[in-house]
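So you know, we letter chains A, B, ... as the sequences are listed, proteins then strands, and number each from 1.
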Number of protein chains: 2
Amino acid sequence: MNSGRNAIDERRERLVEACRRAGIKVTPQRLEIFEEVARRDDHPDAAQVHREVRRRMPSVSMDTVYRTLWMLDDLGLIRAMGPGRGKTRFDANLSRHHHFVCVRCGFTRDFYSDELDRLTLPKTVAALGRAESSQIEVRGICKACASHDDAGT
Amino acid sequence: MNSGRNAIDERRERLVEACRRAGIKVTPQRLEIFEEVARRDDHPDAAQVHREVRRRMPSVSMDTVYRTLWMLDDLGLIRAMGPGRGKTRFDANLSRHHHFVCVRCGFTRDFYSDELDRLTLPKTVAALGRAESSQIEVRGICKACASHDDAGT
DNA sequence: CTATTTGCAAATAATTTGCAGTGCG
DNA sequence: CGCACTGCAAATTATTTGCAAATAG
């Protein structure tokens, strides 16, 4: 239901409209870069986006990828996530969700939970600032890394 | 109670013991670097740690700071955190806690909540891997940035 | 003593920026 | 047609590494 074929078109519309609002141009590079992030359910870093986008549009340069990703972040169309070690990753999932992160290999995936979405923050948080959103980060070992362990032992 | 003068000594003991276990040497640089991270309740990046440690031990180099921080992370004495944009930060708070992060300036502070600590993860998480820990990340605007807004408007 | 560790400086990796040509609106 | 946008290459910033001298155990 969620990943219907024309969900893509829908997202493209959202991008076009957001650009209009912000008064910036809709270029094919921006469309491709946004689509690439929106298409994936992992959370690619700039280099991964660049590599994939290049397959369809070989002239796209790394700096355009960066500029576009940060711009999409500013527009609120994607979200930059803190990296594990050195790299920033980008997340196009704007619905309420949480993250599972493998501490071994960096594998990162979304998961959902109504219960977790309902959590209430303690009042001590209000003393730190105005909360806008919250999400859980679960750290652990992903299936793939766990099976390497089995093999190794 | 928590920040008593000899909580420092206690931490030092913990470091010394951890080094013994791991078979690595206890050097003054390692002590200083660990103390610096452990002393603070913000989550400094490598450059900040370096700057502070230098005041007491001017010869310490940036690369020693990095090497030591990652080693402490390996030993489980501190934890590396994904930054907002480019820099890794380090957290010496090993007790169960959560983070408030200012999306504007990067200000990051811990907060605690028994209720949040008790949250249960949905079974979908198990499909992704073995969870080892979880914490909430609250994003928002910190007091300082909010007051800049007031001034600016 | 002797293997580890440090500090230095140079090497990488990640990300940003200045500029001239190109294309969206 | 004009200004915003791209691609290139060079600049920055963040982090890592090789090696000789220093030092913990």
Can you tell me if B:Trp70 touches the phosphate of D:dT15, counting only side-chain N or O atoms and a distance under 4.0 Å to OP1 or OP2? no
Say whether B:Ser134 and B:Arg96, considering side chains only, have a donor N or O and an acceptor N or O under 3.5 Å apart. yes
With a 4.0 Å limit, can you tell me whether A:Ser59 has a side-chain N or O closer than that to the phosphate oxygens OP1/OP2 of D:dG7? yes
Any side-chain N or O of A:Arg67 under 4.0 Å from OP1/OP2 of C:dT16? no
Atom CZ of B:Arg89 to atom C1' of D:dT15: distance rounded to whole Å? 17 Å
Is the phosphate of D:dA24 approached by B:Arg30 (side-chain N or O, under 4.0 Å from OP1 or OP2)? no
Can we say B:Arg130 and B:Glu132 salt-bridge, meaning some charged N sits less than 4.0 Å from an Asp/Glu carboxylate O? no
Between A:Arg20 and A:Glu17 (salt bridge meaning N to carboxylate O under 4.0 Å), is one present in this structure? no
Please state whether the phosphate of D:dT16, meaning OP1 or OP2, lies under 4.0 angstrom from any side-chain nitrogen or oxygen of B:Tyr66. no
C:dG7 OP1/OP2 closer than 4.0 Å to side-chain N/O of B:Thr64: yes
Expressed as a whole number of angstroms, how long is the span from A:Leu75:CG to D:dC5:P? 11 Å
Would you say B:Gln29 places a side-chain N or O within less than 4.0 Å of OP1 or OP2 belonging to C:dG7? yes
Below 4.0 Å: OP1/OP2 of D:dA4 and any side-chain N or O of A:Thr27: no
Per atom distances to the B:Ile24 side chain, the nearest of D:dT16, D:dC8, C:dT5 is C:dT5
Between atom CG in A:Leu15 and atom C1' in C:dC24, what is the gap in whole Å? 14 Å
Carboxylate-amine/guanidinium contact A:Glu52 A:Arg55, below 4.0 Å: yes
What are the two closest non-hydrogen atoms of B:Lys25 and B:Arg30, and how far apart are they? O-NH1, 2.8 Å
For the base of D:dG25, is there a side-chain donor-acceptor partner from B:Arg20 under 3.5 Å away? no
What is the distance, rounded to the nearest whole Å, between atom NZ of A:Lys25 and atom P of D:dT6? 10 Å
